[in-house]
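Working notes, beginning with the structure itself.
Values below: every heavy atom of this structure, side chains too, minus hydrogens, waters and symmetry copies.
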Amino acid sequence: MDLTQLQITLEETFAANFVSYYRAHVAHVNIQGRNFYQDHKLLQKIYEYFQDNIDTIAEKLRTIRAVMPHDLSTVIGLSSIADTPTIGEPDQLFQDVLESLDVMIDQYHELNDAAEAVNYIDISNFAQDQIGQLSKWRWMVEATLSED
């Protein structure tokens with residue numbers, strides 16, 4: 001069984017998750033404004049979710065006899081999320097996090113497909129669970145940004 005595509009997709013998922021974690025954490029620390037407390041708490045939950053997945057995805061790599069990327073330049077190079085500054089007013093910070101959430105949903109769809117192609121059901125199940133959780137975070141961020 002050739003696991004090459006699954007490994008590549010897992011590495012890309014790890015990298016995009018890592019960049020998403022960092023961006024959400026920066027937004028969490030730098031958020032200001034009238035809704036500070038609730039915005040700060042929501043962003044904390046999101047960055048903690050991404051932070052927890054760093055280890056989980058790395059362990060999924062080990063289960064297919066691969067290793068996690070060894071340095072940050074590799075992580076940034078593999079990530080489908082650009083290493084751009086996360087700065088601005090609260091709406092911009094949330095917009096940056098929302099973009100990461102959208103990319104991660106797509107990334108987990110790709111991971112699900114790659115895992116199913118080689119019958120790694122545990123990784124497929126993991127990817128499907130993440131799609132559900134990320135969609136929930138996306139809804140919460142979109143509701144926070146809503147003008148209605």
Side-chain angles (χ1 to χ4, degrees), residues 3-33 35-116 120-146:
L3 300 177
T4 304
Q5 187 56 50
L6 179 57
Q7 179 180 338
I8 291 167
T9 308
L10 263 171
E11 289 170 347
E12 291 168 347
T13 304
F14 176 89
N17 181 86
F18 198 94
V19 173
S20 294
Y21 153 72
Y22 189 78
R23 290 178 74 175
H25 202 151
V26 169
H28 160 78
V29 171
N30 290 333
I31 197 85
Q32 296 185 57
N35 298 314
F36 167 78
Y37 185 77
Q38 64 216 35
D39 291 349
H40 187 73
K41 286 297 184 185
L42 175 57
L43 291 166
Q44 179 180 359
K45 290 177 187 264
I46 294 170
Y47 91 70
E48 286 175 346
Y49 160 80
F50 285 125
Q51 185 178 39
D52 287 345
N53 276 346
I54 291 170
D55 191 58
T56 304
I57 300 166
E59 289 173 353
K60 297 293 183 195
L61 278 162
R62 297 302 293 153
T63 67
I64 64 166
R65 297 187 174 110
V67 295
M68 66 183 263
H70 296 109
D71 56 76
L72 289 176
S73 62
T74 300
V75 169
I76 291 167
L78 288 171
S79 176
S80 54
I81 299 170
D83 179 30
T84 57
T86 302
I87 56 174
E89 298 298 316
D91 283 359
Q92 183 58 53
L93 294 174
F94 272 110
Q95 191 61 46
D96 290 349
V97 171
L98 182 60
E99 289 172 13
S100 293
L101 292 168
D102 283 335
V103 171
M104 288 306 300
I105 290 168
D106 292 342
Q107 185 65 49
Y108 276 110
H109 278 288
E110 290 178 28
L111 180 59
N112 178 62
D113 294 346
E116 285 185 347
Y120 265 69
I121 303 306
D122 63 316
I123 295 174
S124 176
N125 288 341
F126 169 74
Q128 292 172 25
D129 289 344
Q130 302 322 301
I131 292 165
Q133 182 58 57
L134 288 161
S135 296
K136 184 176 178 182
W137 292 128
R138 180 180 59 194
W139 157 63
M140 291 180 177
V141 170
E142 286 174 340
T144 300
L145 288 169
S146 175

field: Rounded distance (nearest 0.5 Å) linking atom CG of Leu111 with atom CE of Met104
entry: 9.0 Å

task: Check the pair Tyr108, Asp129 against side chain to side chain contact (heavy atoms under 4.5 Å, CB included), reporting the backbone distance first and the verdict last.
output: CA-CA 9 Å; Tyr108 276 110; Asp129 289 344; over 6 Å; no

query: Hey, which of Thr56, Ile121, Asn112 is the one that makes side-chain contact (heavy atoms from CB on, under 4.5 Å) with Phe126?
result: Thr56

- prompt: Any sub-3.5 Å donor-acceptor pair from Thr144's side-chain atoms to Met140's backbone N or O?
  reply: yes

task: Scan side-chain atoms only and decide if Gln128 and Ser124 contain a donor-acceptor pair under the 3.5 Å cut-off.
output: yes

- prompt: Is a side-chain donor or acceptor of Asn35 paired with a backbone partner of Gln38 at a separation under 3.5 angstrom?
  reply: no

field: Glu59 side chain near Thr63 side chain, heavy-atom distance below 4.5 Å
entry: no

task: Any ring pair (Phe, Tyr, Trp, His ring centres under 6.0 Å) involving residues 72-99? Give me the pairs, sequence neighbours left out, ordered by first then second residue.
output: none

message: Are there over 12 heavy-atom neighbours, none belonging to Gln32, within less than 6.0 Å of that residue's CD?
response: no

- request: Decide yes or no for Met68 and Ile57: does some side-chain heavy atom of the first lie under 4.5 Å from some side-chain heavy atom of the second?
  value: no

- request: Compare every heavy atom of Pro85 with every heavy atom of Asp96, then report the nearest pair and how far apart it is.
  value: OD2-O, 4.0 Å

From Leu6 atom CG to Ile64 atom CD1, the distance as rounded to the nearest 0.5 Å: 4.0 Å

statement: Heavy atoms of Ile81 and Ala16 approach each other most closely as CD1-O, 3.6 Å

- request: Please tell me if the side chains of Val19 and Ser100 come closer than 4.5 Å, counting only heavy atoms from C-beta onward.
  value: no

query: Quick check: are there more than 12 heavy atoms from other residues, nucleotides or ligands sitting under 6.0 Å from CD of Glu89?
result: no

query: Does the side chain of Arg23 come within less than 4.5 Å of Val97's, by heavy atoms?
result: no

- prompt: Any chance the side chains of Glu110 and Thr9 put a donor and an acceptor closer than 3.5 Å?
  reply: no

- request: Locate the shortest heavy-atom distance separating Ser73 from Asp71; write the atom from each residue and the value.
  value: OG-OD1, 2.6 Å

Ser146 (side chain) donor-acceptor with Glu142 (main chain) under 3.5 angstrom: no

- prompt: Has Tyr21 got more than 12 heavy atoms of other residues, nucleotides or ligands less than 6.0 Å from its OH?
  reply: yes

statement: Heavy-atom nearest pair, Ala15 first then Leu78, reads CB-CB, 3.6 Å

task: With rounding to the nearest 0.5 Å, note down the distance linking CG in Asn30 to NE2 in His25.
output: 9.5 Å

message: Any heavy-atom pair between the side chains of Tyr47 and Val26 that's under 4.5 Å?
response: no

query: Is there a side-chain contact between Leu10 and Phe14 (heavy atoms, below 4.5 Å)?
result: no

field: Value rounded to 0.5 Å, distance of CG in Asp106 from CG in Leu101
entry: 11.5 Å

message: With rounding to the nearest 0.5 angstrom, report the CZ to CD1 distance, Phe50 to Ile54.
response: 10.0 Å

field: No-hydrogen, no-angle side-chain donor-acceptor test under 3.5 Å, Asp91 and Gln95
entry: no

query: Can you tell me how far CD1 of Ile76 sits from CZ of Phe18, rounded to the nearest 0.5 angstrom?
result: 8.5 Å

- prompt: Looking at side-chain heavy atoms only, is the closest gap between Thr74 and Glu11 below 4.5 Å?
  reply: no

